[in-house]
Amino acid sequence: MISRNSMRAVVVRRVGGPEALEVVRVPVPEPGPRQVRIRVEAAAVNPVDIATRSGALIDAGLMAPRETIGIGWDVAGTVDRVGPGVTTFVVGQRVIGLRDLLDRSLGAYAEYLVLDADAVAPAPPDVDATEAATLPLNALTAQQALALLGLSAGDTLLVTGAAGAVGGFAVELAVRSGLRVVAQVADEDAAFVRGLGAGWTVPRTCADLAEAVRALVPGGVDGALDGAGLGVRATAAVRNGGAYAGVAGGPAPVPLRGMRIHQEWIRADGTALAELAALGLTLRVADVLPLERAAEAHERLSAGGSRGRLVLTP
């Protein structure tokens with residue numbers, strides 16, 4: 001039962017392993033001007049949550065140390081209250097949103113979340129909250145990375161980690177925009193990514209990714225979206241003057257052979273998110289766990305092997 005004045009939330013007060021995740025009671029946040037408060041129904045668990053909890057983002061200089069760190073980026077739920085100046089959402093409306101601000105004491109692992117209205121979009125129609133919560137971070141990452149590549153219909157694209165959360169959306173969105181996709185995947189996921197529209201697949205375990213890709217696309221692909229963080233192994237498969245977009249962080253590859261190198265850093269975009277929500281993209285939920293089992297969800301995500309996202313519900 002949600003108290004009128006307080007709520008449960010998962011926070012980190014001392015970075016570390018999954019045990020650092022604490023379920024605490026905090027005041028229910030109030031929306032300010034041009035903000036909405038969402039009654040959270042589902043929050044997806046992402047690798048960035050692990051990096052936040054462990055302190056890796058602090059070590060990388062991506063966020064400052066703070067006394068209390070909120071966890072969780074992806075949210076699906078219902079608008080509970082709107083702040084002054086909000087005209088695009090109404091109380092009771094089903095929405096999804098993305099919290100892209102790292103330096104906050106509350107995240108999506110909570111019973112309520114306040115977001116800027118321009119980080120929120122109507123939820124996908126006919127989709128439950130647990131599925132909808134898997135869309136914002138990963139679909140926006142894929143869309144924004146594809147935009148950085150600047151490819152045109154008919155061009156060829158290598159997607160590494162193509163069966164992953166970002167990679168799957170990247171394949172689907174690329175095919176919808178007329179690109180021809182080479183997907184790097186584990187053998188057991190090849191049929192799945194072909195179902196998303198990939199024209200070719202190469203095994204994740206192949207000794208020489210560039211050689212395998214160039215055997216399918218002589219001269220190399222026009223661009224690579226590197227969902228697996230392979231760096232130079234992916235750029236080696238790209239033609240001279242082609243483009244590369246990394247989404248996993250870390251140092252960017254050197255722009256050899258006239259290549260355009262991009263690193264995608266996600267930003268919330270409610271307008272783009274609304275467009276993605278209307279596309280009927282493939283949404284995958286590996287399992288649904290209650291908020292109190294957030295540590296277990298982090299352990300399972302770290303262990304790997306999940307097909308789809310783990311999702312927490314208050």
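Positions are given from 1, in the same order as the sequence printed here.
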Practice problem: Taking salt bridge (charged side-chain N to carboxylate O under 4.0 Å, His left out) as the test, write out the residues that go with Arg239, two or more places apart. | Solution: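 Arg239: salt bridge (charged side-chain N to carboxylate O under 4.0 Å, His left out) contacts with Asp222.
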Quiz item: For Asp269, which residues count as a salt bridge (charged side-chain N to carboxylate O under 4.0 Å, His left out) partner, sequence neighbours excluded?
Solution: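 Result, salt bridge (charged side-chain N to carboxylate O under 4.0 Å, His left out) vs Asp269: none returned.
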With sequence neighbours excluded, what pairs up with [X] under the side-chain contact (heavy atoms from CB on, under 4.5 Å) test?
| X | result |
| --- | --- |
| Pro122 | Phe89, Gln93, Ala274 |
| Glu211 | Asp208 |
| Ala278 | none |

Exercise. Starting from the C-alpha separation in whole Å, work towards a yes-or-no answer on side-chain hydrogen bond (donor to acceptor under 3.5 Å, both in side chains) for Thr78 and Glu41.
Key: CA-CA 7 Å; Thr78 304; Glu41 296 174 21; 2.6 Å; yes
Just distance, no hydrogens or angles: give the donor-acceptor pairs under 3.5 Å from side chains in residues 59-71, sequence neighbours left out.
residue : atom : partner : partner atom : Å
Arg66   : NE   : Thr68   : O            : 2.6
Arg66   : NH1  : Asp103  : O            : 3.3
Arg66   : NH1  : Asp103  : OD1          : 2.5

Please check if the side chain of [X] supplies one atom and the backbone of [Y] the other of a donor-acceptor pair under 3.5 Å.
| X | Y | result |
| --- | --- | --- |
| His298 | Pro18 | no |
| Ser177 | Ala174 | yes |
| Arg25 | Ala9 | no |
| Arg99 | Gly72 | yes |
| Arg214 | Val221 | no |
| Asp128 | Glu131 | yes |
| Arg37 | Pro29 | yes |
| Glu22 | Val10 | no |
| Arg257 | Val238 | yes |
| Asp226 | Gly231 | yes |

Quiz prompt | Reference residue Arg194; test side chain to side chain contact (heavy atoms under 4.5 Å, CB included); the match among Val185, Val181, Thr201, Val171 | solution =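 Running side chain to side chain contact (heavy atoms under 4.5 Å, CB included) over Val185, Val181, Thr201, Val171 with Arg194 returns exactly one hit, Thr201.
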Self-check item: Sole residue of Asp74, Ile266, Leu276 in side chain to side chain contact (heavy atoms under 4.5 Å, CB included) with Pro136
Solution: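 Answer to the side chain to side chain contact (heavy atoms under 4.5 Å, CB included) test with Pro136 among Asp74, Ile266, Leu276: Asp74.
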Self-check item: Leu157/Leu225 under side-chain contact (heavy atoms from CB on, under 4.5 Å): CA gap, chis, key distance, verdict
Solution: CA-CA 7 Å; Leu157 172 71; Leu225 194 155; 4.2 Å; yes
Give the minimum heavy-atom separation between [X] and [Y], together with the two atoms involved.
| X | Y | answer |
| --- | --- | --- |
| Gly229 | Thr160 | N-OG1, 4.4 Å |
| Ala119 | Ala268 | CB-CB, 3.7 Å |
| Pro290 | Leu312 | O-CD2, 3.7 Å |
| Gly270 | Ala121 | O-CB, 3.6 Å |

Min side-chain heavy-atom separation [X]-[Y] under 4.5 Å:
| X | Y | result |
| --- | --- | --- |
| Thr313 | Leu291 | no |
| Val175 | Leu196 | no |
| Leu230 | Gln184 | yes |
| Arg307 | Asp189 | yes |
| Leu289 | Val311 | no |
| Pro124 | Ile96 | yes |
| Tyr244 | Arg260 | no |
| Arg53 | Val15 | no |

Practice problem: Step by step, work out the side-chain contact (heavy atoms from CB on, under 4.5 Å) result for Leu115 and Val75. | Solution: CA-CA 10 Å; Leu115 291 177; Val75 63; 3.9 Å; yes
Exercise. Using the ring of Tyr112 (Phe, Tyr or Trp, six-membered ring only), decide whether Arg39 places NZ or CZ under 6.0 Å from its centre and within 45 degrees of its axis.
Key: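 Geometry flag: not set, cation outside 6.0 Å or 45°.
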Linking I/L/V/M/F/W/Y whenever their side-chain heavy atoms sit closer than 4.5 Å, directly or via other members, would [X] and [Y] fall into one cluster?
| X | Y | value |
| --- | --- | --- |
| Leu173 | Leu148 | no |
| Ile261 | Leu151 | no |
| Trp265 | Leu149 | yes |
| Leu209 | Val159 | no |
| Val36 | Trp73 | no |

Quiz item: Checking side-chain hydrogen bond (donor to acceptor under 3.5 Å, both in side chains) for the pair Arg300/Ser306: CA distance, chi angles, key distance, verdict?
Solution: CA-CA 8 Å; Arg300 289 174 59 178; Ser306 296; 5.3 Å; no
Euclidean distance, [Y] [atom2] relative to [X] [atom1], rounded to 0.5 Å:
| X | Y | atom1 | atom2 | value |
| --- | --- | --- | --- | --- |
| Leu98 | Asp118 | CG | CG | 11.0 Å |
| Leu179 | Leu146 | CG | CG | 7.0 Å |
| Gln143 | Asn138 | CD | CG | 13.0 Å |
| Arg233 | Leu158 | CZ | CG | 10.5 Å |

Exercise. Evaluate side-chain hydrogen bond (donor to acceptor under 3.5 Å, both in side chains) for Arg180 paired with Thr156, printing each intermediate quantity in order.
Key: CA-CA 5 Å; Arg180 297 180 296 146; Thr156 51; 4.9 Å; no
Quiz item: Near Asp126 CG, under 6.0 Å, is it more than 12 heavy atoms from other residues, nucleotides or ligands?
Solution: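 No, CG of Asp126 has 12 or fewer neighbouring heavy atoms, counting only those of other groups under 6.0 Å.
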Quiz item: So with a 6.0 Å cut-off around CZ of Arg204, is the heavy-atom count from everything else above 12?
Solution: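 No, CZ of Arg204 has 12 or fewer neighbouring heavy atoms, counting only those of other groups under 6.0 Å.
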Quiz prompt | Stepwise side-chain contact (heavy atoms from CB on, under 4.5 Å) test for Val48 and Leu57 | solution = CA-CA 8 Å; Val48 69; Leu57 295 186; 4.1 Å; yes
Self-check item: Donor-acceptor pair between Thr141 and Glu264 side chains, under 3.5 angstrom
Solution: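 Checked: Thr141/Glu264 side chains show no N/O donor-acceptor pair below 3.5 Å.
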Quiz item: With no hydrogens and no angle check, do the side chains of Thr134 and Arg284 hold a donor and an acceptor under 3.5 Å apart?
Solution: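 There is no such pair between these side chains.
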Quiz prompt | Asp116 vs Arg34, side-chain contact (heavy atoms from CB on, under 4.5 Å): CA-CA, chis, key distance, verdict | solution = CA-CA 6 Å; Asp116 293 341; Arg34 296 181 297 280; over 6 Å; no
